[in-house]
Amino acid sequence: MNARGDAQEPVDSFVESVLEIVADIPPGRVMTYGDVAATLGSRGARVVGQIMARYGSDVPWWRVIRASGHPPACHEGRALEHYREESTPLRGLNTDESALTGIELTYRVDLRQARWSPSFP
DNA sequence: ACCTTGACCACAA
DNA sequence: CTTGTGGCCAAGG
């Protein structure tokens, strides 16, 4: 408690808490947006997405993915480089390179193996 | 204090 | 696999 008589308030904003958790995910492991929210007692998966979009540039953002196993929207390529580097288990990796339409990247992270829980390593 | 914005989620067809 | 629907909820304007 503090001098104003306030009971415990979230010392960190929701934003800081999210970044804290994400920074805590070890290499090769991932959490879903919903998992991060749930860890904070929230169900605002979208909020976590918002926060990552705005403030995620300084944390390992590629370790936060969708519940489907798909990487963050519009960042599949960048994320894949990190996954290859830290040996994150992937499924259905497919690099169809069409000369005309460009590169089609489809893959998912293997959540069964890579899913991380902050309190249960 | 209201309104809009989403790097989302679960479920249904 | 694709759409569509309803829900979630903090941040920022």
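These numbers were taken from a predicted model, which means no experiment stands behind them. The chains referred to below are lettered A, B, ... by the order of the sequence lines, with proteins before strands, and numbering in each begins at 1.
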- Query: What's the CD1-P distance between A:Ile51 and B:dT5, to the nearest Å?
  - Reply: 19 Å
- B:dC9 C1' sits how many Å from A:Asp35 CG, rounded? 11 Å
- Choosing from C:dC9, B:dA7, B:dC9, which nucleotide comes nearest the side chain of A:Ala53? B:dA7
- Item | Out of B:dC9, B:dG6, B:dA7, whichever nucleotide has its closest atom nearest the side chain of A:Ala45 | B:dC9
- Task: Nearest whole angstrom, please: distance from the P of B:dA10 to the CG of A:Leu111.
- Result: 11 Å
- For the side chain of A:Met52, counting heavy atoms from C-beta on, which of C:dA10, B:dA10, B:dA7 is nearest? B:dA7
- Rounded to the Å, how far apart are A:Gln50 CD and B:dT4 P? 15 Å
- A:Phe14 atom CZ is separated from C:dA10 atom P, nearest whole Å, by 6 Å
- Item | Between A:Trp62 and A:Glu86: side-chain donor-acceptor atoms closer than 3.5 Å | yes
- Message: Check this one for me: any side-chain N or O of A:Arg46 less than 4.0 Å away from OP1 or OP2 of C:dC9?
- Response: no
- Can you name the nearest heavy-atom pair linking A:Gly28 to A:Thr88, along with the distance? CA-OG1, 3.5 Å
- Query: Is A:Arg29 reaching over with its side chain to a backbone N or O of A:Ala114, donor-acceptor style, under 3.5 angstrom?
  - Reply: yes
- If we call it a pair only when both distances are under 3.5 Å in a Watson-Crick or G-U wobble match, what pairs with C:dC1? none
- For atom OH of A:Tyr33 and atom C1' of C:dG7, their distance in whole Å: 19 Å
- Message: Whole angstroms only, please: what is the CE-C1' distance between A:Met31 and B:dA7?
- Response: 16 Å
- Message: Heavy atoms from C-beta onward define the side chain here; which of C:dC8, B:dA7, B:dC9 lies closest to that of A:Arg43?
- Response: C:dC8
- Whole-Å distance between B:dA10 C1' and A:His70 NE2? 16 Å
- Query: For A:Gly49, which contact category applies under a 4.0 Å heavy-atom criterion: base, sugar-phosphate, or nothing?
  - Reply: base
- Task: Find the distance between CE (A:Met31) and CZ (A:Arg115) and round it off to the nearest 0.5 Å.
- Result: 8.5 Å
- Per atom distances to the A:Ser13 side chain, the nearest of C:dC1, B:dC8, C:dA11 is C:dA11
- Task: Name the residue closer to the 5' end of DNA chain C, choosing between A:Arg108 and A:Val15 according to the nucleotide with the nearest heavy atom.
- Result: A:Arg108
- Output the distance between atom CZ (A:Phe14) and atom CD (A:Gln50), rounded to the nearest 0.5 Å. 12.0 Å
